[in-house]
There are 2 protein chains.
Amino acid sequence: MNKQPQVTEQTKANIRQAFWELYAQEPIEKITVKQITDRAGYNRATFYLYFKDIYDVLAQIEDNLLDVLEQLINRRLLRESEPDFSEHMGVFLELARRYSAQFLVLLGDRGDPAFASRFKQVLAPILDRFLVSERALSPREAALLHEFYLSGLLSVVVAWLRDPQGMTIAEFVPFIVNDVCNAHL
Amino acid sequence: MNKQPQVTEQTKANIRQAFWELYAQEPIEKITVKQITDRAGYNRATFYLYFKDIYDVLAQIEDNLLDVLEQLINRRLLRESEPDFSEHMGVFLELARRYSAQFLVLLGDRGDPAFASRFKQVLAPILDRFLVSERALSPREAALLHEFYLSGLLSVVVAWLRDPQGMTIAEFVPFIVNDVCNAHL
DNA sequence: TAATTAGACAACAGGCTGTCGAGTAATCTG
DNA sequence: CAGATTACTCGACAGCCTGTTGTCTAATTA
């Protein structure tokens, strides 16, 4: 029986955690490997056993987060034969709440714009199922309308996450459906 | 007559230009002062006469861009007693086109998320004049709706800029007004 | 013409990065 | 259970980048 890999995983997790605590406080370009390993309690060289550089740590965290999102979408949302927007929104908002600490940092002012792009790519197929228009749009117009809703919805969800004293999911969903999206659902 | 300041300004402009050429190609954290000054044809130390660090160069470029935008808004748009959304949009799109190279980089995947925030703050007062809702919204709801449109419109404009072969301003404005925003104008 | 100022630079100290080889502890094998 | 092997961690090194200081040159001023 091999017990070592657990040590490795624990070490990686500790380093990721230390990185994340720093990343929530200061921009990534000010963070040094020494800061991270000091905080995690390892030698600086140990960092390089598990990560290529500091951006690799961030990438792993992002990949993991997008994986969770993708699983949710593929397993719970895209399978339904009669999709319901409110239900989809509710499910998504629960996930957003659970990972709000990460989302708020990654999508915030010190965050990673590339993450926002990837996030939107993952969400795109869901929006496709609901977006309609009065008038028949050209492919180009449809793509732009899609981009509008994708960015708008993502931003409004982030704004909602930023205000923990604000609306509950039960209040927020009908607001989105009735007041924000009423034109194109 | 003092001719020196012109030399200074030219030097700064050369350094800014060299930085920008690099920034369009690679992420800012990979850029070194040496790269910039080599490209601009100065000694590395000269850089520090005019800029605090590399982020200071970016900040100056961003400030300048937001200044231009703010001037446009204060002088041409907010003064009108009977504002017209289509006209505002058209004026804004001309500016966006003129500076599209900068906007596309700053608002793109390798860009600066803080710039997007500041950009939206500058645009906010304009949107305030046009955004309405069927139902009376609470302040919290109104803020969220505002955020939705601000982010959505900015993203759709960026998507439009990315596609130079795409719609003209004359085609794009009515699309925005009639197909995208029809619910809340 | 002499003094002052602006502009540019070479050189230095200090910090961070990425790597390599050595050391220690845990696991496997005969 | 003893010796070999593997997993894991660390100290140390070379090289690059940063930010600053003092110096040199050329232009401006008096």
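Each chain gets a letter, A, B and so on, in the order its sequence line appears, and its residues count up from 1.
Ion pairing between Asp84(B) and Arg129(B) fails under the 4.0 Å rule for side-chain N and carboxylate O.
Phosphate proximity of dG15(C) to Thr32(A): absent, as no side-chain N or O sits under 4.0 Å from OP1 or OP2. A sub-4.0 Å separation between OP1 or OP2 of dT9(D) and a side-chain N or O of Thr11(A) is present.
Taking the six-membered ring for Trp and the full ring otherwise, the centers of Tyr55(A) and Phe19(A) sit at least 6.0 Å from each other.
Between the C1' atom of dG19(D) and the NZ atom of Lys34(B) lies a distance of 16 Å, rounded to the nearest Å. For the pair Gln10(B) CD and dA6(C) P, the interatomic distance rounds to 19 Å; values are reported in whole Å. At whole-Å resolution of the value, CD in Glu9(A) and C1' in dC8(D) are 14 Å apart. Straight-line distance from the CD atom of Glu29(A) to the C1' atom of dC17(D): 16 Å, rounded to whole Å. Distance NZ (Lys30(B)) to C1' (dC16(C)): 14 Å, rounded to an integer number of Å. Atom NZ in Lys12(B) sits roughly 14 Å away from atom P in dA6(C) (whole-Å rounding). Between the CD1 atom of Ile36(A) and the P atom of dG18(C) there is a distance of 11 Å, given to the nearest Å.
Residues Gln60(A) and Asn64(A) have side chains that never bring a donor and an acceptor to within less than 3.5 angstrom of each other.
Rounded to the nearest 0.5 Å, atoms OG1 (Thr46(B)) and CD1 (Ile15(B)) are 6.5 Å apart.
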As a quick check of understanding, evaluate side chain to side chain donor-acceptor pair (under 3.5 Å) for Glu21(A) and Gln17(A), giving each step before the final call. CA-CA 6 Å; Glu21(A) 288 167 18; Gln17(A) 174 62 25; 2.8 Å; yes
Can you list the steps and then say if Glu26(B) with Arg110(B) is a salt bridge (Lys or Arg N to Asp or Glu O under 4.0 Å)? CA-CA 8 Å; Glu26(B) 56 185 330; Arg110(B) 298 188 196 289; over 6 Å; no
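Shown for residues 40-58 of chain A: residues whose heavy atoms fall under 4.0 angstrom of DNA chain D, namely Tyr42(A), Asn43(A), Ala45(A), Thr46(A), Leu49(A), Tyr50(A).
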